[in-house]
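Below is one structure, written out as C-alpha cells; comments come after it.
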2 protein chains.
Amino acid sequence: MSDTPSSPRRRTTYRHGDLRNALLEAGIALARAGGPDAVVLREATRQAGVVPNAAYRHFANRDDLLQAVRSYALSQVARAMEAELAGLDPAAGALRWAQDSVRAIGTGYLRFAHAEPGLFKTAFSSHEGVEGDNDPTRAGDSGMNPFQLLSMALNRLADAGGLPPERRLGAEYLAWSAVHGLALLLSEGPLHGMPEPQRMMIGQRLLDMVEKGL
Amino acid sequence: MSDTPSSPRRRTTYRHGDLRNALLEAGIALARAGGPDAVVLREATRQAGVVPNAAYRHFANRDDLLQAVRSYALSQVARAMEAELAGLDPAAGALRWAQDSVRAIGTGYLRFAHAEPGLFKTAFSSHEGVEGDNDPTRAGDSGMNPFQLLSMALNRLADAGGLPPERRLGAEYLAWSAVHGLALLLSEGPLHGMPEPQRMMIGQRLLDMVEKGL
DNA sequence: AGGTTATGTGTACCGTGTACACATGTGTTT
DNA sequence: AAACACATGTGTACACGGTACACATAACCT
C-alpha cells in the first residue's frame with residue numbers, strides 16, 4: 001500500500017521486462033480517463049514504476065507514445081464498428097443490407113464515442129491519414145481500420161445501387177463529416193449530457209440525413 | 001531592436017493603461033497562429049511588456065483568457081456568416097432565398113475555417129453552450145452568434161416550406177454536425193491541403209447532402 | 001494629506017518534456 | 001570464461017508553463 005499513483009508494482013529486477021507495453025497500457029488508461037491531453041509521459045512512467053527518462057528507450061517522445069495510444073484507440077473504433085456489422089443479416093436483400101452496413105458503421109462510431117469519450121477523442125485528435133495505411137495496430141479483427149470499414153460499406157451501397165456511381169467518389173468524407181461532427185457535439189459539445197434515448201434518436205436522424213442526401 | 005518576442009514596447013509608466021486589451025490582442029494573435037494550445041499566458045504578458053502575474057489582475061487564469069479569445073473567434077465566425085448572407089437576394093423567391101441562407105451559413109463557416117484555422121479551432125475548442133446565450137462579444141454585427149444565425153436560417157427554410165415542421169426541431173444539430181465535421185477534416189484532418197476548387201466542391205456537395213437530407 | 005483600492009512586480013514552487021552522462025544488466029564474440 | 005558491445009534503466013539538470021503570495025506603486029476618494 002505504499003504506491004500512490006496506480007499500479008507502480010515495486011519491481012525488484014533492474015530490467016522491467018515489458019516496459020514498452022506497460023507504458024502503452026498506462027497511456028491508454030490515461031487517455032481513456034482524460035483524452036489525449038491526459039497522456040502524460042511522466043505519469044505513465046510513474047505507473048510503470050520507472051524513472052521518467054526510461055520512457056525514451058521505447059518512445060521517441062511524448063507524441064510518439066500518444067500516437068501509439070491513438071493507434072490502439074483507432075483499433076477499438078474499428079472493433080466497435082465490426083460489432084455493429086456483425087449483427088446484420090446479409091439475407092435481408094442486397095440494398096437493405098448495404099444501407100444497414102453504412103448505418104452500422106455510423107452507429108458503431110457514435111456508440112464508441114459515447115462509451116469511450118477519452119479514447120474517442122484521442123483516436124481523432126490528430127487525424128493523420130488513416131485512409132491508405134495498413135498498420136494492423138489501427139485495425140480491428142477484420143484487418144480494416146475505421147476509414148476502410150466505411151469505404152467497404154459505401155462500396156456495398158454503390159454495388160447494390162443505393163448510391164449512384166458519380167456520387168461514390170469522396171462519399172466517405174461526406175458521411176464521415178456528418179457522423180464525426182455529431183459525435184463531437186454529443187461527446188464534448190453542447191449535446192453533452194443528452195439522455196440515451198434522445199441520443200440514439202438524433203443519431204438515427206443524422207444517419208437518415210446521410211442516407212437520403214448522400 | 002532589443003525586443004525578442006513581438007511587440008513588447010518598453011513601457012515607461014508603471015501602469016500599462018490598457019493591459020486587459022493588450023493581453024486579449026496578444027492572445028488572439030497567438031490563437032490565430034497556433035490554435036487554442038498556443039494561447040499561453042506568459043507569452044501574452046511578454047508581448048504586452050508586463051510580468052507574467054500581471055495577467056491575473058485581468059483574467060482569473062489561463063483558461064479565462066482563452067475563453068475571451070474564444071469569444072472573439074466566435075464573433076468572427078458570425079461575421080463570416082453575415083458576409084455570406086449579405087450577398088443574397090431576398091427577391092429570388094422565398095424558398096430559394098431560405099435555402100441560400102442555409103447554404104450561406106455553411107459556406108461562411110467553411111470559409112472561415114479555411115481562412116483562419118487557428119481561430120476556428122479556438123472558437124470550437126470547448127463548445128460550451130453558445131445556443132442560448134446573448135453575450136454580444138460572441139456575436140456579429142447582427143447581434144447573433146453563429147448558432148443563432150444558423151437557427152435563423154433554418155427558420156426561414158421552415159417558414160418557406162423547405163423543411164417540414166416535424167423535422168425542424170434539432171435540425172441545427174444535424175446541419176452543424178455535417179458542416180463542422182467537414183470543416184475539421186479540411187482544416188486539420190486528412191483533407192488538409194486540398195486545393196481551393198475541390199475544397200469548394202466538396203463543401204457544396206456536403207451542403208447538397210444537408211439540403212436533401214434534412 | 002491620508003487612506004483605500006487597483007494594478008503591476010518579485011520571488012517561489014510545482015509539474016511537464018527532454019537532453020546528457022552514467023549504471024547495470026544481457027547477449028555475443030573470442 | 002573473459003571481454004566487449006548493446007540495450008535498458010537511473011540521476012542530474014534545465015527550460016518552460018501556470019499560479020500562489022507578499023510587496024510596490026500609482027490612481028482615486030474623501
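Hydrogens, waters and symmetry mates are skipped; everything else that's a heavy atom, side chains included, is used. Here the structure is a predicted model, which is why all the values come from computation and not from measurement.
Counting non-hydrogen atoms under 4.0 angstrom, A:V51 reaches a base of the nucleic acid. Among the heavy atoms of the strands lying under 4.0 Å from B:R62 are primed sugar atoms or P, OP1, OP2 only; no base atom is included.
Atoms CG (B:L41) and C1' (D:dA20) sit 14 Å apart, rounded to a whole Å. As a whole-Å value, the separation of B:N53 CG from D:dT25 C1' is 16 Å. At whole-Å resolution of the value, CZ in B:R46 and C1' in D:dA15 are 11 Å apart. Between the C1' atom of D:dG17 and the CG atom of B:L66 lies a distance of 15 Å, rounded to the nearest Å.
Along DNA chain D, the nucleotide closest to B:D63 and the one closest to B:R57 are compared, and the more 5′ of them pairs with B:D63. Closest-nucleotide positions on DNA chain D for A:G17 and B:N61 were compared, and the one nearer the 5' end corresponds to A:G17. Both A:Y56 and B:R20 sit near DNA chain C, but only B:R20 has its closest nucleotide nearer the 5' end.
The heavy-atom pair separating A:R168 from A:A158 by the smallest distance is CD-CB, 3.9 Å.
First and last contacting nucleotides of DNA chain C toward chain B (any atom under 4.0 angstrom from a heavy atom, 5' to 3' order): C:dA6 to C:dT11.
Side chain of A:E172 to backbone of A:F147: no donor-acceptor contact under 3.5 angstrom is found. Remark: the backbone N or O of B:Y72 is not paired with any side-chain donor or acceptor of B:R138 at under 3.5 angstrom. Side-chain N or O atoms of A:R42 include none that pairs as donor or acceptor with a backbone N or O of A:P52 at under 3.5 Å.
A salt bridge links B:D208 with B:R103; the closest basic N to acidic carboxylate O contact falls under 4.0 Å. A salt bridge is defined here as a Lys NZ or Arg NE, NH1 or NH2 lying under 4.0 Å from an Asp or Glu carboxylate O, and B:R199 with B:E196 meets this definition.
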